[in-house]
Amino acid sequence: MTQTHPKNQTQNSNSTAGDPRAAKEAKLKALIDSGLDPYPHVYDRTDMADALQDTYKDLADDTETKDTVSVAGRVMAMRNSGMFIDVMDTSGRIQVFCHKQSMSEDELAKLKFLDLGDIIGVKGTMRRTPRGELSVRATELHMLTKSLQPLPDKHHGLTDVEQRYRQRYVDLIVNEESRETLRTRSKIVSFIRRYMEDAGALEVETPMLHEILGGASAKPFVTHYNALDHDFYLRIAPELKLKRLIVGGIADSVFEINRNFRNEGVSIKHNPEFTMIEGYHAFKDYNDMMDLIEDLVGQTVEHIHGSRVITIDEQRVDFNSPWKRASMCDLVQDKTGIDFMVIETAEEAQKTALKAGVHVERTANWGQVVEACFDEKVEHTLIQPTHVINHPFEISPLAKGHRDIPRLVERFESFVNGWEIANAFTELNDPAIQRVRFEEQVSQREAGDEEAQMLDEDYITALEVGLPPTAGWGMGIDRLVMLLTDSPNIRDVICFPTLRPNFAKAEPSPSKPLSSVPEAKEENNDRYLTVDDSEYRFVVVVNGKETDTGRVMNAIGHSMVGLSGREAKDQDLCLINYEDIDGNIHPSVSHYPVIILKAKNGNQIRKIRQQALDKNLPFTDFTKDMQLGSSKEQVASLKTKKDEEVEYVVLSLFGKTSNLKELTGKLSLYK
RNA sequence: GACCGCUUAGCUCAGUCGGUAGAGCAACUGACUUUUAAUCAGUAGGUCGAGGGUUCGAAUCCCUCAGCGGUCACCA
């Protein structure tokens with residue numbers, strides 16, 4: 001009896017023992033050495049898994065056929081040393097049976113190159129095993145794509161939530177539920193698009209880059225367009241552009257399905273970029289929109305589920321028309337007993353709301369108080385589809401006043417499962433009233449409300465040209481998909497949800513010496529004209545934990561003086577004599593922008609400082625010790641400290657914009 | 001932003017009172033050859049998120065930091 005020497009065993013498997021990645025690479029090499037192509041260009045696949053399962057559903061157990069098929073897909077499981085292979089394609093799964101009776105030695109030998117996760121093509125005949133599993137009896141096996149990454153545990157899949165979204169391609173392979181949810185999303189979007197087209201509406205695309213915020217109340221993303229040297233907002237809503245198209249008469253009905261961007265918190269119901277459909281219909285009012293939304297949503301639910309009654313979050317929800325319609329004030333009265341329609345002033349409204357336990361801002365007007373009460377007391381109770389109608393005019397600057405009730409507008413929001421899914425109104429088309437509404441928004445904005453809208457002068461001009469009586473509506477697609485797929489998290493219904501950038505894994509770029517800063521050309525006042533001021537910049541990073549504004553300003557000042565006086569040369573900084581509009585000369589002004597950013601704490605500054613050191617970028621820092629009385633004390637204090645104990649208040653940097661962005665790209669502006 | 005929780009092998013997770021670091025899957029070497037999470041025998045795989053502290057001794061207790069998650073607040 002021969003016994004394998006343990007030492008030999010370890011030597012044989014030395015390079016690959018325990019390391020799935022290395023094992024796969026070894027097999028890849030062996031496969032190439034045997035003259036095979038691990039990544040062939042094409043494969044002649046004739047059959048899909050689910051079609052075969054269907055075609056042969058009546059094939060009896062332990063029956064062979066002579067029907068030849070070829071399938072292709074990913075290896076999901078192997079049993080009996082590769083005799084049984086589960087292959088998954090986009091339609092489903094089928095078992096492949098590899099037996100020496102039906103395969104040549106060469107074909108059989110390919111099994112040893114195979115791993116879970118590889119994509120293979122299989123040619124063979126159909127049979128059903130004695131135990132009842134439909135299988136392809138393989139005659140030929142083809143490696144179509146060698147996989148080098150190990151797949152997650154086959155029983156548990158990927159549970160790390162972050163990795164599921166970051167590596168969606170792995171999630172999709174392993175989790176049937178993820179595949180189904182995202183496929184359903186596509187079905188819903190395509191169904192809605194078809195519905196709108198069938199109704200005669202014209203699909204349009206309007207800009208993502210907006211000069212003026214409007215159409216919704218939200219904080220925006222800001223981006224810079226170099227060629228125009230101008231900041232743009234990523235749009236928060238397409239509303240004002242779409243109504244311009246109705247003015248232009250391109251069609252009586254237009255709609256757009258596209259992304260909106262809102263610079264606000266992430267949660268299980270909010271992604272910073274989300275998909276909305278907005279539609280506008282000339283000669284209609286908000287009553288027509290209620291009918292439209294009920295029918296559209298009802299038909300979509302039926303299309304996806306085959307019924308208009310479905311289960312969401314373990315509750316039965318009935319989408320059959322008609323949906324409940326109730327005014328916002330009536331609903332608030334039902335839940336709180338307060339009749340806001342008889343309350344005249346904002347003060348009285350605030351007092352009453354506070355008594356009912358609803359928190360309201362001191363600056364809140366009557367409409368905002370009503371809205372706060374609704375949000376807190378009513379919204380979450382609206383499980384069955386409900387149109388909440390007739391909002392206060394203060395919270396609806398683009399909606400037309402109610403034809404009978406002076407304080408309200410003709411607006412409604414549709415709620416399901418306690419979430420708002422749609423918002424619609426009869427559009428305000430009187431340019432004079434629109435101007436007043438905008439001005440109210442502007443003064444709210446000036447009073448500190450970042451989400452109040454801006455005055456869009458051109459939009460008013462468009463209204464002056466004449467917007468026909470029009471009704472419009474918007475619906476959050478992601479929310480609708482969440483409802484129809486019963487997904488508790490918005491990330492489940494977005495292919496690649498927004499995640500924090502993964503800085504830890506980012507490759508450090510090779511350091512560039514300071515000498516890479518170009519030499520200044522000439523010392524004259526036109527110099528700034530030849531300088532691309534987007535190329536270089538100053539960045540000041542401020543410790544966010546520092547609360548004393550005066551000290552921060554002081555530190556920034558010291559640090560910048562240090563930077564320009566010591567670390568960077570005049571020609572680097574491109575100092576010019578700047579001539580202002582009155583002809584006055586301001587000497588030694590740098591043409592480069594200064595960006596002030598906020599770091600979480602001193603530690604984050606320390607890291608950026610280290611990177612600046614590594615990259616040889618000019619910088620100066622300002623530490624807590626420098627806030628002490630005399631310079632002697634400062635030096636003494638600093639000397640007692642180890643590097644990791646130094647608390648940084650401010651770090652100033654100068655350099656190429658691209659380099660600085662690598663260091664500080666994840667920081668937000670200091671406010 | 002505030003609070004709570006998590007971080008241990010490639011993946012999923014145990015780890016008791018502070019006393020030598022564990023399992024299943026995946027991988028590797030074999031056996032077996034009509035399996036269904038195949039089975040059996042064996043092998044290898046760890047800076048216990050990072051740093052500091054307490055202790056004779058720390059995955060375990062304390063502090064700081066980082067990443068992630070959850071809840072709450074604003075927004076759809």
Side-chain angles (χ1 to χ4, degrees), chain A residues 2-24 26-27 61-62 76-86 93 95 97-101 115-117 127-133 135 137 149-163 165-166 170 174 216-220 236-237 260 262-276 359 375-376 413-415 419-423 449-451 474-480 482 489-490 499-500 502-505 544 600-604 606-607 642 644-645:
Chain A
T2 53
Q3 200 176 350
T4 318
H5 199 277
K7 218 173 188 179
N8 284 346
Q9 277 189 7
T10 28
Q11 270 174 2
N12 289 342
S13 55
N14 202 15
S15 58
T16 62
D19 182 351
R21 162 85 190 204
K24 284 163 189 285
K27 287 181 189 174
D61 291 357
D62 201 10
M76 297 306 287
M78 288 198 281
R79 290 179 290 279
N80 289 41
S81 314
M83 183 184 285
F84 299 97
I85 303 172
D86 284 351
R93 286 188 184 221
Q95 177 169 277
F97 176 61
C98 297
H99 199 272
K100 51 190 170 190
Q101 284 174 356
D115 280 306
L116 293 184
R127 67 186 290 256
R128 193 176 289 279
T129 67
R131 304 213 183 181
E133 186 73 26
S135 305
R137 177 187 281 276
Q149 292 280 349
L151 285 180
D153 187 290
K154 65 181 168 192
H155 317 307
H156 302 96
L158 261 190
T159 55
D160 182 333
V161 179
E162 185 202 356
Q163 213 176 339
Y165 301 125
R166 231 179 253 296
V170 175
V174 179
S217 304
K219 289 174 209 147
I236 57 171
N260 289 341
R262 300 195 182 169
N263 204 341
E264 280 152 3
V266 180
S267 81
I268 58 171
K269 275 201 253 170
H270 299 88
N271 197 61
E273 50 178 298
F274 64 100
T275 304
M276 286 259 302
H359 173 78
D375 288 349
E376 201 152 315
E413 292 176 292
S414 308
F415 289 83
W419 309 342
E420 180 197 334
I421 60 159
N423 180 21
D449 185 351
E450 271 184 89
E451 296 179 359
M475 186 162 67
I477 297 290
D478 311 271
R479 291 266 175 96
L480 183 69
M482 285 171 75
N489 193 326
I490 193 168
L499 298 169
R500 179 186 298 272
N502 206 339
F503 284 94
K505 287 176 187 162
K600 253 184 162 170
N601 48 47
N603 232 28
Q604 199 172 14
R606 189 193 327 282
K607 276 184 205 160
K642 293 184 207 156
E644 62 268 19
E645 289 171 354

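So you know, we letter chains A, B, ... as the sequences are listed, proteins then strands, and number each from 1.
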Can you tell me, in whole Å, how much space there is between the C1' of B:rG24 and that of B:rA38? 15 Å
Report the C-alpha separation of A:N260 and A:I236 in whole Å, then their side-chain angles, then the decisive distance to 0.1 Å, and conclude whether the side chain to side chain contact (heavy atoms under 4.5 Å, CB included) test is met. CA-CA 5 Å; A:N260 289 341; A:I236 57 171; 5.8 Å; no
A:I490 versus A:D478, closest heavy-atom pair with distance: CD1-CB, 3.7 Å
Hey, mind stepping through A:F84 and A:M78 against side chain to side chain contact (heavy atoms under 4.5 Å, CB included) and telling me if it holds? CA-CA 6 Å; A:F84 299 97; A:M78 288 198 281; over 6 Å; no
Integer angstrom distance from the C1' of B:rG42 to that of B:rU55: 41 Å
Taking the nucleotide of RNA chain B with the nearest heavy atom to each, does A:M83 or A:P152 sit closer to the 5' end? A:P152
Heavy atoms from C-beta onward define the side chain here; which of B:rU71, B:rU34, B:rA76 lies closest to that of A:I268? B:rU71
Identify whether any heavy atom of A:R128 sits under 4.0 Å from a base atom; if not, whether one sits that close to sugar-phosphate; answer base, sugar-phosphate or nothing. nothing
Checking all strands, does A:R137 fall into the base, sugar-phosphate, or nothing category for heavy-atom contacts under 4.0 angstrom? base
OP1 or OP2 of B:rC28 sitting under 4.0 Å from any side-chain N/O of A:K27? yes
State which of B:rA27, B:rA76, B:rU36 makes the closest approach to the side chain of A:F274. B:rA76
Span that lies between the P atom of B:rU20 and that of B:rC63, in whole angstrom: 25 Å
Might you point out which heavy atoms bring A:M83 and A:H99 nearest each other, and give the distance in Å? CE-CD2, 3.9 Å
Test item: A:M475 and A:M276 side chains (from C-beta on) under 4.5 Å apart, heavy atoms: no
Donor-acceptor pair between A:Q95 and A:R128 side chains, under 3.5 angstrom: no
Expressed as a whole number of Å, how far does the C1' atom of B:rG46 sit from that of B:rA59? 11 Å
Please find the pair of heavy atoms, one from A:R479 and one from A:K269, that lie closest to each other, and give the distance. NH2-O, 3.2 Å
P atom, B:rC3 versus B:rU64: distance in rounded Å? 12 Å
Is the cationic atom of A:R262 (NZ for Lys, CZ for Arg) positioned less than 6.0 Å from the six-membered ring centroid of A:F274 and within 45 degrees of its normal? no
Between B:rG53 and B:rU60, how far is it from one C1' atom to the other, in whole Å? 15 Å
Describe the nucleic acid contact of A:D478 in one word from base, sugar-phosphate, nothing, applying a heavy-atom distance below 4.0 Å. nothing
By nearest heavy atom, map A:P272 and A:F84 onto RNA chain B; which one lands nearer the 5' end? A:F84
A:K269 NZ to B:rC74 P, in whole Å, measures 12 Å
Starting from C1' on B:rC74, measure out to CD1 on A:I236 and report it in whole angstrom. 14 Å
Does the pair A:L480 and A:M482 meet the rule for a side chain to side chain contact (heavy atoms under 4.5 Å, CB included), with working shown? CA-CA 5 Å; A:L480 183 69; A:M482 285 171 75; over 6 Å; no
Identify which nucleotide among B:rC32, B:rU34, B:rC28 has an atom closest to any side-chain atom of A:S81, counting heavy atoms from C-beta outward. B:rC32
Under 3.5 Å between N/O atoms: give me all the protein pairs with nucleotides 2-8 of chain B, atom names plus distance.
none

Could you tell me the separation between the CD atom of A:E420 and the P atom of B:rC74, rounded to a whole number of Å? 14 Å
Of the candidates B:rA27, B:rG10, B:rU33, the side chain of A:P150 sits closest to B:rG10
Output the single nucleotide from B:rU34, B:rU36, B:rA26 whose closest atom is nearest the side chain of A:N80. B:rU34
By centroid distance (under 5.5 Å) and plane angle (under 30°), are A:H270 and B:rC75 in a stacked arrangement? yes
What's the closest nucleotide to the A:R79 side chain, out of B:rC75, B:rA38, B:rA27? B:rA38
May I ask you to say what A:Q95 touches in the nucleic acid, namely base, sugar-phosphate or nothing, with a heavy-atom cut-off under 4.0 Å? base
Rounded to whole Å, the CD-P distance (A:E273 to B:rA76) equals 17 Å
Spacing between A:E264 atom CD and B:rC72 atom C1', to the nearest angstrom: 16 Å
Any idea which of B:rC75, B:rA76, B:rU34 is nearest the A:T129 side chain? B:rU34
Integer-rounded Å distance: B:rC25 P and A:L116 CG: 13 Å
Stems formed with participation of RNA chain B [Watson-Crick or G-U wobble, under 3.5 Å, three or more pairs]: B:1-7 with B:66-72, B:10-13 with B:22-25, B:27-31 with B:39-43, B:49-53 with B:61-65
Counting distance only, does the side-chain N/O of A:E264 pair as donor-acceptor with the main-chain N or O of A:K219 below 3.5 Å? yes
Between B:rC6 and B:rA14 - C1' atom distance, rounded Å: 15 Å
How far does the C1' atom of B:rU7 sit from the matching atom of B:rC13, given to the nearest Å? 13 Å
What is the distance, rounded to the nearest whole Å, between atom CH2 of A:W419 and atom P of B:rC75? 17 Å
Protein-nucleotide distance (A:M78, atom CE; B:rC25, atom P), rounded to Å: 15 Å
Shortest non-hydrogen contact between A:R79 and A:D86, atoms and distance: NH2-OD1, 3.0 Å
For A:I85 versus A:C98, what's the shortest heavy-atom pair and its separation? CD1-SG, 4.0 Å
Using only side-chain N and O atoms of A:N489, determine if any of them is under 4.0 Å from OP1 or OP2 of B:rG70. yes
